[in-house]
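Read the structure below first, then the notes.
As the structure lists them, so they are numbered: ligands from 1, and atoms in each ligand from 1. Below, all heavy atoms of this structure are taken into account, side chains as well, without hydrogens, waters or symmetry copies.
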Amino acid sequence: MADLYPVPEAVSAGASGPLRTFDAYLRAAHRAGSDPSGYWLQQARERLAWRTPPTVGLQGGYHTVAGEPFTWFADGVLNVTESCLDRHLGPRGNKTAILWEGDEPGDVRTLSYAELHTEVCRTANALRHLGVGSGDRVVIYMGMVPEAAIAMLACARLGAIHSVVFGGFSAESLRDRVLDCGARVVITQDEGRRGGRPIPLKATTDEALQGLEIDQVLVYRHTGAEVGFDPERDVWWHEVVPHAGDTHRAVPMDAEDPLFILYTSGSTGKPKGLVHTTAGYLLWTSWTCETTFDLREDDVFACVADIGWITGHSYIVYGPLANGATTLMFESTPLYPDAGRYWDMVERHNITVFYTAPTAIRALAAHGSEPVERHDRSTLRVLGTVGEPINADAWRWYHDVVGEGRCTIVDTWWQTETGGHMITPIAPITATKPGSATLPLPGILPVLLDSEDRVIFGPGEGRLCIAHPWPGQARTVWGDHARYVQTYFGHFRSLYFTGDGARRDTDGYYWITGRVDDVLNISGHRMGTAEFESALNASDEVSEAAVVPFPHDVKGQGVYAYIVLQPGSDDHELQSRLNALCRERIGAHARIDALQIVPGLPKTRSGKVMRRILRKVAEGQPENLGDISTLADPSVVKAIVAGAVDTSG
Ligand code: 7RM
């Protein structure tokens, strides 16, 4: 039995969130479970600023195999920015909304709610002037500057659909996304900065957009670097935004209108543009942000994710702002200038809630406790993790060293598709276990299926599904609803399939075991094996490629590539050439950690690669490969095992 950590007294004392006692959690779970539609309708009416409050909750459901469309709050009308900005102007006009820390320690900017409101209005007016209107798609390719959040909110103000593309993606990836969503306007900046190094965002944008019909590129000047400028197409932010009107009447939107598209990796080479809605998504991020973290009025909330991922959307921008909180935006990395950077910020900004990824915790733990202990962390109350399973050692280091045993840990399990938290401790009430995401939030009904698709009751391990829609659930894949239905509802009748495996213990606590599909999780970055394979296959030197994950001490998972060379190719420095290719086709975060040249891939007689074998070998467990009798040529397995790369160290 794993050890149970009760919530420290100091964490539960003064709780102000919607759920403050375990009893309240049980009652809410009962009500939300028995009448989800009514429960969330009431929450939505109370929590959000509406032009026309909704009178209906859920309509439709997962009742058919085809994934009957469902809607939440469909007759409601609102604009997200009125919940995130306008309604705070009276009570919190001078309160800091965005607290920005740049790449260099102490390079700080703050925007109050009043200032943020003005900037968003100006930017909305400027974008309107550039022709952006309701329903138009705008791609945002920026680093971690306040203007990225301002751009998102300005789009929302206009009813335009933003699609933020992570600044680490390559020109090719950016181009694919611009094309897929049909954006006519792109917002970028001259350069980003990370760990003392410039990131050439404008140059990459120029390369990505070559030959495309893009109306306008709005360019924010950040570092002042010299960049290419096409006067026909490009517009400087500082030439239009400061002069635009500082008030703007938010465009009223239907509850189910798309708020944004965010691309994420699946099991094919083509990323999916998941579509999140105006009201359902906002309710989910607002409610989970307050509930999970027990967000309080004077909290300084620091989510150090990148705005290009769902975590940044939900817990840097929409969730905190909907709650009128002070939210940190951090431009740098945990190791710049040294391993004390996070805790230096905690001390200087009096951070109370800190939210990061297991990979960062493991990287920092490797530097020991001194960089942590030289900073005062006494303001911290809640420590969050997200993005991948956290191993018990990293959890304990976070709890004991960073939190000095005074803080509670919230290990939040959720996905791009879910919009916000799903299975997570609730800070002031849930006793935790190292490595467990604990219990589902009210209204979330997890189901585990065994290998024969039977529902598991009580303790057990299987594939994780969710039995009932919740407001924050993505509604479709942009331009490909059939793919949405197939991916998430095509496996099991009336269930949303998460792609993850999980174990439920005797206390009903959930332990996420990781993906059961072909999705990789490298340092919390979600990438598809198929994306790597299609990048590798583009090389003239590669005849066939197969990519699988292996356990990695810091990154969580590493990338192991099996390559069949093209006849006559030379393997000298092949790995660095192939890594350059992955960087070019996918982005700087896509790297192969281990490369093995093989005579052939293990295939069944029907030509399907048996990944199970490749995974076992990559994990250093060639002893139990299971049944290999169905292979077309079992002899390749011998060669694969004999030439395996050691990934243990
Ligand atoms: C928020 C986010 C989603 C995948 C998901 C899991 C893994 C995320 C946890 C986790 C174990 C966690 N969105 N994952 N959080 N695994 N414990 N607390 O990461 O779409 O980029 O990735 O990440 O496999 O399916 S994501």
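- Near Asp500, the atoms of ligand 1 lying under 4.0 angstrom from a non-hydrogen atom of the residue are 5 (C), 6 (C), 24 (O), 25 (O).
- Annotation: cation-pi geometry not satisfied between Arg377 and Trp343 (NZ/CZ under 6.0 angstrom from ring centroid, within 45° of ring axis).
- At least one heavy atom of Gly387 sits closer than 4.0 Å to an atom of ligand 1.
- The protein heavy-atom contact nearest to atom 17 (N) of ligand 1 is Glu388 O, 3.4 Å.
- With ligand atoms numbered from 1 in the order given, ligand 1 contributes 12 (C), 17 (N), 18 (N) to contacts under 4.0 Å with heavy atoms of Asp411.
- The shortest contact between atom 2 (C) of ligand 1 and any protein heavy atom is with Trp414 O, 3.8 Å.
- Of all atoms in ligand 1, numbered sequentially from 1 with element shown, those under 4.0 Å from a heavy atom of Val386 are 1 (C).
- Under a 4.0 Å criterion applied to the non-hydrogen atoms of Thr412, ligand 1 contributes the atoms 9 (C), 12 (C), 15 (N), 18 (N).
- Protein heavy atom closest to atom 22 (O) of ligand 1, with residue, atom name and distance, is Arg526 CD, 3.7 Å.
- Nearest protein heavy-atom neighbour of atom 26 (S) of ligand 1: Thr416 OG1, 3.5 Å.
- Ionic pairing of Asp453 and Arg463 is present here: one or more N-O contacts between side-chain nitrogen and carboxylate oxygen are shorter than 4.0 angstrom.
- For Lys555 and Glu388, the salt-bridge test fails: no basic side-chain N is under 4.0 Å from an acidic carboxylate O.
- Inclusion of Thr498 in the set of residues having an N or O under 3.5 Å from an N or O of ligand 1 is not warranted.
- For Trp309, the closest heavy-atom approach to ligand 1 does not fall below 4.0 Å.
- Of all the listed residues (Arg515, His313, Glu417), Arg515 holds the heavy atom that lies closest to atom 4 (C) of ligand 1.
- Within the listing of ligand 1, atoms 1 (C) sit less than 4.0 angstrom from a heavy atom of Thr311.
- Within the 3.5 Å criterion, the main-chain N or O of His421 finds a donor-acceptor partner in the side chain of Trp284.
- Residue Arg611 qualifies as enclosed at atom CZ: its count of foreign heavy atoms under 6.0 Å is above 12.
- Between His552 and Tyr560, a ring centre-to-centre spacing not shorter than 6.0 Å is recorded.
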Derivation of the salt bridge (Lys or Arg N to Asp or Glu O under 4.0 Å) call for Lys433 and Asp505: CA-CA 11 Å; Lys433 299 181 188 185; Asp505 70 16; 2.7 Å; yes
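- Of the protein's non-hydrogen atoms, Pro389 N, 3.1 Å is the one closest to atom 11 (C) of ligand 1.
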Test log, rule salt bridge (Lys or Arg N to Asp or Glu O under 4.0 Å), inputs Asp294 and Arg20: CA-CA 8 Å; Asp294 182 34; Arg20 304 173 201 176; over 6 Å; no
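- Residue-ligand proximity, Asn521 to ligand 1, at heavy-atom distances under 4.0 Å covers atoms 7 (C), 23 (O).
- For ligand 1 and Ile310, the ligand atoms under 4.0 Å from any heavy atom of the residue are 1 (C), 13 (N).
- Ion pairing between a basic and an acidic side chain is recognised when a charged N comes within 4.0 Å of a carboxylate O; Asp400 and Arg396 show no such pairing.
- Between Arg341 and Glu101, at least one side-chain N (NZ, or NE/NH1/NH2) sits under 4.0 Å from a carboxylate O, which counts as a salt bridge.
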